[in-house]
Amino acid sequence: MSDGMSETTASQHEEATAASQEGQLQEEQPQDGLLQHQQPEGGLVAEAPNTVASDTDAPDSATPGESATSDTAAASFEPLTVTYERLRHTDDVAELHEYARRPLPNRSLQAAFSRATALLEAVAGNQHTPLEDRVFLATEMPFPNILVKLSEDPEPQVRRGVAANQDDKNWLVGRLTKDPDPSVRDAALRNPRTSWKMRLEGAQNPEVDADTLNFLSTLGVSCEPGAPVVLAGMVRRAVALNPQASQETLQRLSADASPSVARCAQRRLEAAQTGESN
């Protein structure tokens, strides 16, 4: 019995000793890879080795933020044709507005610039694009592919913006001098990009309003004084013969420097006076 108890006591003592040593070992081990500071009785600080790698130890290619950004950009990129067709047919007004007003990349970035202007063509041709944005593009954009789209817009406000845009090609603004809407025709005839042929046809057109005829009657005189003398004179003479020309316009043209213009205006004034007297 005494030997059994002795063996039991010895066994318990060994277990207690082992447990105590295990506890000490656990206290000496760093937790979660962080530095553990202990203050022993002697006043010295024992520091466990740091097993956590610093930011500078990680290679640049393994930076999590950069990798995630690269993956996101690759996932969100659409080929030009896909984005074009989506913008051409979408009814997402907010997205169309954002594209219409987005600043263009610098022209030196040729690929990005070409992509942006191509996508604006899709936005311009989509009738879900807000009217004010289509008018903005018609007025401000200098790109033929966009202006051609907008010149066919069903809203006269948009076509009028194109007609007044001085970045137009002359064939485009010339086409708009024959627009069914009078305000569009008038804006095109006032555009200095309009050819003299189109101006002459406009001056002969009895559907052109008196205000626009008055403008055409100043070409080569107070407006565009450096204009070709013969061509400007032909336009003013056509105005003098147009039945829609106002009395005020005819009075001014009757004193025109071109004899043929002055004679036509004088005859019109005389005919008007004769008609009134009768």
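The structure presented is a predicted model; accordingly, all values stated were derived computationally and were not measured.
Of the possible polar contacts, one joining the Thr274 side chain to the Glu270 backbone as a donor-acceptor pair under 3.5 Å is found. Looking only at distances, a side-chain donor or acceptor of Asp256 sits under 3.5 Å from a matching main-chain atom of Ser258. In this structure, Thr117 contributes its side chain and Ser114 its backbone to a donor-acceptor pair below 3.5 Å. Checking side-chain atoms of Ser246 against main-chain N and O of Thr249 turns up a donor-acceptor pair under 3.5 Å. Under a 3.5 Å cut-off, the side chain of Asn126 and the backbone N or O of Asp91 do not form any donor-acceptor pair. The main-chain N or O of Asn191 is found under 3.5 Å from a side-chain atom of Thr194 such that the two form a donor-acceptor pair. Between the side chain of Asp179 and the main chain of Val184, no donor-acceptor pair closer than 3.5 Å is present. In terms of modelled atom types and a separation under 3.5 Å, the side chain of Asn242 and the main chain of Ala203 share a donor-acceptor contact.
Salt-bridge check for Arg190 with Asp211: passed, with a basic side-chain N closer than 4.0 Å to an acidic carboxylate O. Between Arg101 and Glu132 there is no salt bridge, since none of the side-chain N atoms of the basic residue sits less than 4.0 Å from a carboxylate O of the acidic one. In summary, Arg159 and Asp181 do not engage in a salt bridge, as defined by a charged side-chain N under 4.0 Å from a carboxylate O. A salt bridge between Glu201 and Lys178 is present, with a side-chain N of the basic residue lying under 4.0 Å from a carboxylate O of the acidic one. Checked for salt-bridge contact, Glu121 and Arg88 miss the test: no charged N lies under 4.0 Å from a carboxylate O. A salt bridge links Glu95 with Arg86: the closest approach of a Lys/Arg side-chain nitrogen to an acidic carboxylate oxygen falls below 4.0 angstrom.
Thr83 and Arg115 form a side-chain donor-acceptor contact under 3.5 Å, judged by distance and modelled atom types alone. With hydrogens and angles left out, the side-chain atoms of Ser217 and Arg252 include a donor and acceptor closer than 3.5 Å. Side chains of Arg175 and Ser151: a donor on one and an acceptor on the other come within 3.5 Å.
Applying the ring pair (Phe, Tyr, Trp, His ring centres under 6.0 Å) test to residues at least two apart or on different chains, the pairs with a partner in residues 93-137 are Phe113-Phe143.
Enclosure of atom CD in Glu248 is not indicated, since only 12 or fewer non-hydrogen atoms of other residues, nucleotides or ligands lie within 6.0 angstrom.
Hydrophobic clustering, with ILVMFWY side chains joined whenever heavy atoms are under 4.5 angstrom apart, groups Trp171 together with Met141. Under the 4.5 Å side-chain heavy-atom criterion for ILVMFWY residues, a single connected hydrophobic cluster contains both Leu131 and Leu96. Both Val123 and Val158 belong to a common hydrophobic cluster when Ile, Leu, Val, Met, Phe, Trp and Tyr are linked at side-chain heavy-atom distances under 4.5 angstrom.
By the 4.5 Å heavy-atom criterion applied to side chains, Asp167 and Glu140 are not counted as neighbours.
Cluster note: Val230 groups with Leu189, Trp196, Leu200, Val208, Leu213, Phe215, Leu216, Leu219, Leu231, Met234, Val235, Val239, Leu253, Val261 through ILVMFWY side-chain heavy atoms spaced under 4.5 Å, whether in direct contact or through intervening members.
Put simply, CG on Asn205 and OG1 on Thr177 are 9.0 Å apart, with the number rounded to the nearest 0.5 Å.
The two residues Lys149 and Ala124 have their closest heavy-atom pair at CB-CB, 4.4 Å.
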| request: List the steps, then state whether side chain to side chain donor-acceptor pair (under 3.5 Å) holds for Asp92 with Thr90. | output: CA-CA 5 Å; Asp92 186 338; Thr90 185; 5.1 Å; no
